[in-house]
Q: 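Quick one: the structure is below, questions incoming.
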Amino acid sequence: VQLQASGGGLVQAGGSLRLSCAVSGRTMNMAWFRQAPGKEREFVAGITWNGYGTTYSDSVKGRFTISRDNAKNTQYLQMNSLKPEDTAVYCCAASRVATVPPRQEPSLYDYWGPGTQVTVSS
């Protein structure tokens with residue numbers, strides 16, 4: 001299984017970005033994580049294999065929306081009302097196991113893709 005994230009860039013505070021993650025192979029739950037310089041990897045959002053179950057970190061709840069299109073083998077992260085503290089490298093991840101709700105621990109995800117940089121200017 002391979003994952004490839006795209007859609008990052010530079011945006012002003014209050015703006016929006018949409019990240020995409022193309023997936024080759026069969027996966028169950030999927031998630032987005034992010035890592036800022038000098039900080040640990042942080043769970044952002046997760047989604048079940050059928051798209052019906054989602055989980056968000058408190059820091060992005062109400063601003064970010066995770067979704068997936070299994071017909072296109074792609075998951076998305078719509079990010080609205082971006083803040084400078086959202087600046088990080090965003091990575092998509094996938095698991096072989098389905099859990100409800102999606103779990104937040106990085107160790108429970110089996111596949112990872114290279115990240116895409118998101119920079120939010122103040």
Side-chain angles (χ1 to χ4, degrees):
V1 175
Q2 294 185 328
L3 295 83
Q4 181 64 56
S6 61
L10 173 64
V11 64
Q12 289 189 332
S16 298
L17 280 175
R18 188 194 196 200
L19 304 183
S20 299
C21 177
V23 183
S24 65
R26 182 180 177 86
T27 62
M28 299 306 284
N29 288 6
M30 298 193 69
W32 289 93
F33 289 80
R34 67 186 182 186
Q35 188 165 19
K39 294 188 177 181
E40 293 186 354
R41 182 183 295 174
E42 175 189 17
F43 173 84
V44 176
I47 189 167
T48 55
W49 70 273
N50 57 9
Y52 291 161
T54 57
T55 302
Y56 296 91
S57 68
D58 289 342
S59 60
V60 307
K61 196 174 297 182
R63 299 187 298 122
F64 291 10
T65 302
I66 189 171
S67 61
R68 65 190 293 171
D69 185 338
N70 290 336
K72 296 182 178 180
N73 292 326
T74 304
Q75 74 156 339
Y76 306 96
L77 185 68
Q78 178 67 43
M79 305 185 295
N80 298 329
S81 302
L82 282 161
K83 305 175 181 180
E85 51 264 43
D86 294 318
T87 295
V89 174
Y90 285 70
C91 296
C92 55
S95 68
R96 294 193 297 260
V97 177
T99 62
V100 181
R103 300 292 296 275
Q104 300 189 22
E105 299 88 340
S107 61
L108 296 180
Y109 290 86
D110 306 291
Y111 310 108
W112 293 81
T116 184
Q117 176 70 47
V118 171
T119 303
V120 184
S121 63
S122 57

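Note that these values count all heavy atoms, side chains included, but never hydrogens, waters or copies made by symmetry.
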Q: Work out which heavy atom in G25 is nearest to a heavy atom in V1; give both atom names and the distance.
A: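 Minimum heavy-atom separation between G25 and V1: CA-CG2, 4.1 Å.
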
Q: Suppose clustering is done on Ile, Leu, Val, Met, Phe, Trp and Tyr with side-chain heavy atoms closer than 4.5 Å. Which residues sit in the same group as W49?
A: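 When side chains under 4.5 Å apart are linked, the cluster holding W49 also contains M28.
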
Q: Under the side chain to side chain contact (heavy atoms under 4.5 Å, CB included) test against V23, which residue among R68, M30, K72 passes?
A: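 Answer after filtering R68, M30, K72: M30.
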
Q: Angle between ring planes, W112 versus F33, binned at 30° and 60°: parallel, tilted or perpendicular?
A: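 Tilted, since the angle between the ring planes falls between 30° and 60°.
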
Q: Take Y76 and D69 through the test side chain to side chain contact (heavy atoms under 4.5 Å, CB included) and record every step on the way to the result.
A: CA-CA 8 Å; Y76 306 96; D69 185 338; 4.1 Å; yes

Q: Identify the two heavy atoms, one from A13 and one from S122, that lie closest to each other, and give their separation to 0.1 Å.
A: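 Smallest interatomic distance, heavy atoms only, reads CB-CA, 4.4 Å.
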
Q: Establish whether V89 and L77 are linked, either directly or via other cluster members, by ILVMFWY side-chain heavy-atom contacts under 4.5 Å.
A: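 V89 does not cluster with L77.
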
Q: Taking all heavy atoms of L3 and all of P114, pick out the closest pair and write down the distance.
A: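 Minimum heavy-atom separation between L3 and P114: O-CD, 3.4 Å.
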
Q: If you round to the nearest 0.5 Å, how far is OG of S59 from CZ of R34?
A: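 The CZ atom of R34 sits 4.5 Å away from the OG atom of S59.
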
Q: Report yes or no: do W32 and Y111 belong to one cluster of Ile/Leu/Val/Met/Phe/Trp/Tyr joined by side chain heavy-atom distances under 4.5 Å?
A: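 Yes: a chain of side-chain contacts under 4.5 Å links W32 to Y111.
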
Q: On a heavy-atom basis, which atom in V97 and which in D110 lie closest, and how many Å separate them?
A: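 That closest heavy-atom pairing would be N-OD2, 4.5 Å.
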
Q: Please report the interatomic distance CZ(F43) to OH(Y56), rounded to the nearest 0.5 Å.
A: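 Rounded to the nearest 0.5 Å, the CZ-OH separation comes out at 9.5 Å.
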
Q: For A36 and A88, work out which heavy atoms get closest and say how close.
A: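 In this case the closest contact between A36 and A88 is N-CB, 3.8 Å.
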
Q: Would you confirm whether R103, through its side chain, and G46, through its main-chain N or O, come within 3.5 Å as a donor-acceptor pair?
A: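 Judged by distance alone, no pair lies under 3.5 Å.
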
Q: Quick one: pull up CE in M79 and CD1 in I66 and give me the separation to the nearest 0.5 Å.
A: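 Here the interatomic distance stands at 11.5 Å.
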
Q: Taking N29 for the side chain and T99 for the main chain, is one N or O donor matched with an acceptor at less than 3.5 Å?
A: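 Confirmed, N29 side chain pairs with T99 backbone.
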
Q: I need the minimum non-hydrogen distance between T116 and G7, along with the two atoms involved.
A: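 Scanning both residues, the minimum pair turns out to be OG1-N, 4.2 Å.
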
Q: Mind checking the CD-OG spacing from Q78 to S20? Nearest 0.5 Å is all I need.
A: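 The OG atom of S20 is 9.5 Å from CD of Q78, to the nearest 0.5 Å.
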
Q: Do side-chain atoms of Q117 reach the backbone of G8 as a donor and acceptor pair under 3.5 angstrom?
A: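 Side chain of Q117 to backbone of G8: no pair is present.
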
Q: More than 12 foreign heavy atoms under 6.0 Å from CD of Q12: is that the case here?
A: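 For Q12, atom CD is not crowded (no more than 12 foreign heavy atoms under 6.0 Å).
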
Q: I need the S16 OG to F64 CZ distance, nearest 0.5 Å.
A: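 Reported value, rounded in 0.5 Å steps: 9.5 Å.
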
Q: Ignoring hydrogens and angles, tell me if any N or O in the side chain of T54 forms a donor-acceptor pair with the backbone of I47 under 3.5 Å.
A: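 Here the side-chain-to-backbone pair does not exist.
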
Q: Tell me whether K83 is salt-bridged to D86, with the criterion being a basic N under 4.0 Å from an acidic carboxylate O.
A: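 No, K83 and D86 are not salt-bridged.
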
Q: Would you give the length of the straight line joining atom OG1 of T74 to atom CG of L19, rounded to the nearest 0.5 angstrom?
A: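 Going from the OG1 atom of T74 to the CG atom of L19 covers 12.5 Å.
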
